[in-house]
Structure formats: C-alpha cells, structure tokens
Number of protein chains: 2
Amino acid sequence: MSILFSRECEYALQAVSYLALKPAGELTSIKDLTKKLRIPYHFLAKILQRLVGKGLLISQKGPSGGFGLAAPAESITLFHVVDAVDGSDFLHRCVMGFPECSGKHPCAVHGTWGDLREKVYQMLVNQNVAQTAQEMRKPEYRD
Amino acid sequence: MSILFSRECEYALQAVSYLALKPAGELTSIKDLTKKLRIPYHFLAKILQRLVGKGLLISQKGPSGGFGLAAPAESITLFHVVDAVDGSDFLHRCVMGFPECSGKHPCAVHGTWGDLREKVYQMLVNQNVAQTAQEMRKPEYRD
DNA sequence: TTAAATTAAGACAAGAAAGTCTGAATAGCA
DNA sequence: TGCTATTCAGACTTTCTTGTCTTAATTTAA
C-alpha cells in the first residue's frame with residue numbers, strides 16, 4: 001500500500017511537528033525525538049540530516065547539540081516538508097496511472113481527482129507546523 | 001513516491017477498463033492487452049490471474065482464450081478493483097502516519113483529510129468501469 | 001491425436017524503500 | 001589536553017515491490 005506519502009515523509013512530518021513544539025532556538029537530540037515518536041534512531045537521523053540539507057532544519061554537533069527549526073514554526077507548512085522529502089509529483093500524476101492522461105486527453109476521473117488533489121494541496125499549504133505541533137501536546141506524547 | 005495506489009493497482013484499473021470496452025462475453029488475450037496498454041506481459045498476466053481469483057474476471061485457456069469481465073461493466077466500480085488489489089487501508093490510516101491518530105485523538109489534519117478521503121471513496125464507488133472504458137476509445141488507444 | 005495457442009503457477013531477479021551499523025567530525029567541558 | 005556527547009556521512013542489510021522466466025495445464029482445431 002501507500003497512502004499519499006512515503007514512510008520517510010510521514011516521519012519527517014512528525015519530527016518537524018515535534019520540533020515546532022519547542023521554544024524557538026532550542027535544540028533537540030535524536031535520542032529525545034525517538035523517545036517520543038516511535039521512529040528507528042538511525043533512520044530518523046538520516047531524515048533529519050536531509051532536512052538540514054534542504055534548509056528546513058538547523059543542527060549543531062557536540063554535547064547539548066541537536067536539531068531545531070530553521071524558521072519560525074508558523075512559517076513552515078506541511079507542504080514545505082512534503083515537497084522536501086517526497087517532492088510534488090503527486091500533484092500532477094494520473095490517479096489511474098494512464099501515461100496519456102492530461103488536460104487534453106483526460107481519463108474518466110481526471111477532473112474529479114484534480115479537484116480533490118487541489119484540496120489536498122490546499123490542506124498542506126494552509127497547515128503550518130505550529131498548528132500540527134499542538135497534536136504533540138496530547139497525553140500520548142508527554143513524557 | 002506513491003500516489004494513492006500501487007503500480008499493480010493502476011495496471012489493474014487500466015486493464016479492467018480496457019476489458020470493459022469489449023462486448024460482454026468476448027475474451028481478450030494478454031498479448032492483446034499489452035499491445036494497447038504498455039504493461040509488461042508477465043506482470044500483467046500475474047495481475048489478471050489475481051483478479052480472476054478475486055472473482056472480478058473470468059478466464060479461459062487455449063486458442064481463442066483470454067480474459068473477460070465476470071460481471072456487467074456497469075456493475076464493477078473502481079473501488080471493486082482497488083479493494084481487490086491494494087485493499088482499503090488507505091480509508092483508515094492517518095495521512096501523517098501518527099499511530100495514535102483517531103477520532104478520539106485526532107491529528108491536526110484528521111478532519112480535513114477525513115473529508116477528502118471520503119470524497120476519494122465516493123469517486124471510486126461512483127465510477128464504474130463502463131464509464132472509464134470510454135477513455136480507451138480515444139485515438140491514443142486505437143490500433 | 002497431434003500441434004499450436006493460450007492461461008496457471010511459481011521460482012527467480014532487479015530495483016526501490018526502509019532500516020542498521022560504523023567510523024569520522026565537531027563541540028563543550030573538566 | 002583529553003573525554004564525552006552529539007551530528008555527519010556513507011556503506012551495508014533487509015524487506016517489499018516490480019518485473020522476468022520457465023514449465024505445466026488446458027483448449028481448440030487441423
């Protein structure tokens with residue numbers, strides 16, 4: 001299966017949301033993150049490094065080092081994260097996989113899916129990680 | 001990446017749509033199907049066999065054998081095909097991958113995604129393969 | 001009854017995604 | 001300085017998906 005985003009992308013969304021919960025400037029170690037989220041340590045490390053490379057996160061080595069948002073949480077949308085990890089091809093591909101499907105040669109659900117896809121896009125663009133962070137305040141995520 | 005359905009599922013949707021174009025009862029060989037759709041022969045064979053197993057298609061061996069729909073095209077929806085191949089987990093999973101996300105502990109986009117997902121479901125249920133078959137009448141798919 | 005055309009079945013291979021491990025680099029601190 | 005905690009980088013492994021191949025079974029028709 002495969003629900004819109006790769007596992008890596010889902011992890012990225014969760015991790016960035018968690019970081020958005022911390023005061024700006026505070027760094028969080030991978031160890032801390034894996035304790036809250038249930039994401040394999042080394043896999044998460046790789047994902048965070050990639051997000052640093054994309055400019056979404058900053059990092060610092062050494063004791064009291066870790067990762068933090070590179071910009072205010074309000075300014076980072078879910079789409080920024082998705083685009084950095086999975087890219088945005090899903091906004092263009094035919095849902096039935098027809099290579100010929102396009103505005104000129106639409107498949108049977110081209111229009112319907114196009115509308116829905118646009119709404120998914122709006123959802124991702126309108127939601128910033130300060131908002132999704134609220135999720136992490138729930139009891140399931142507390143120490 | 002991963003746009004909602006697996007490659008196998010996309011191929012299944014295309015193949016069933018193509019079969020829906022033929023008069024009821026007429027059988028189509030794998031060779032014929034691969035000529036129109038650009039799907040690897042043996043992979044398509046495997047997919048068709050699975051659809052026979054699921055009761056969506058019928059098959060017959062030997063010369064002039066092949067595959068055909070097991071029911072009237074109007075009665076087979078896209079959802080029947082998707083469910084047979086990929087299952088319907090995508091109707092339940094959290095789009096951000098939070099294991100805890102549910103009606104009781106919704107994530108930030110739980111509601112928004114729930115609405116969109118329901119619309120995707122409606123799209124699949126309301127579209128039968130007689131309708132999607134029309135797509136295949138277009139010049140790109142003619143001999 | 002034999003030959004040809006087809007599906008059936010399942011082992012195998014290649015590729016991609018997910019996850020693991022190790023060693024190096026860096027930073028803080030005693 | 002040297003110790004420790006951390007990220008960085010990349011090779012490696014495992015698992016899943018996608019695709020290929022081979023052989024058997026079935027059907028039709030000459």
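FYI, side chains are in, hydrogens and waters are out, and symmetry mates aren't considered; it's all heavy atoms of this structure. Throughout, protein chains are lettered first and strands after them, A, B, ... in sequence-line order, and every chain is numbered starting at 1. Predicted model only: the values in this text are computed from it and were never measured.
Contact check for Val52(B) versus Leu48(B): no side-chain heavy atoms found under the 4.5 Å cut-off.
Of the side-chain N and O atoms in Ser59(B), one or more sit less than 4.0 angstrom from OP1 or OP2 of dA8(C). At the phosphate of dA9(D), neither OP1 nor OP2 sits under 4.0 Å from any side-chain N or O atom of Arg50(A). Taking 4.0 angstrom as the limit, Tyr11(A) places none of its side-chain polar atoms (N or O) nearer than this to OP1 or OP2 of dA18(C).
For Ser6(A), the side-chain atoms get nearest to dA18(C) when compared with the rest of dA9(C), dT7(D), dA18(C). Among the nucleotides dT18(D), dT6(D), dT7(C), the one closest to any side-chain atom of Lys31(A) is dT6(D).
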What are the atom names and distances for every N/O pair under 3.5 Å that joins the protein to nucleotides 24-30 of chain C?
from, atom 1, to, atom 2, distance (Å)
dG28(C), OP1, Gln60(A), NE2, 3.4

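For Gln131(B) (side chain) and Asn128(B) (main-chain N/O), a donor-acceptor pair under 3.5 Å exists by modelled atom type. Judged purely by atom type and a 3.5 angstrom limit, His105(A) has no side-chain atom pairing as donor or acceptor with the backbone of Ser102(A). Side-chain atoms of Ser88(A) do not come within 3.5 Å of backbone N or O of Leu91(A) as any donor-acceptor pair.
Separating the NZ atom of Lys46(B) from the C1' atom of dT6(C) is a distance of 19 Å, rounded to the nearest angstrom.
Here Tyr41(A) lies in heavy-atom contact (under 4.0 Å) with a base.
When each of Thr28(B) and Pro40(A) is assigned the nucleotide of DNA chain C bearing its nearest heavy atom, the one mapping closer to the 5' terminus is Thr28(B).
Look at Glu10(B) and Arg93(A) and you find a salt bridge, because one of the NZ, NE, NH1 or NH2 atoms lies within 4.0 Å of a carboxylate O, short of that distance.
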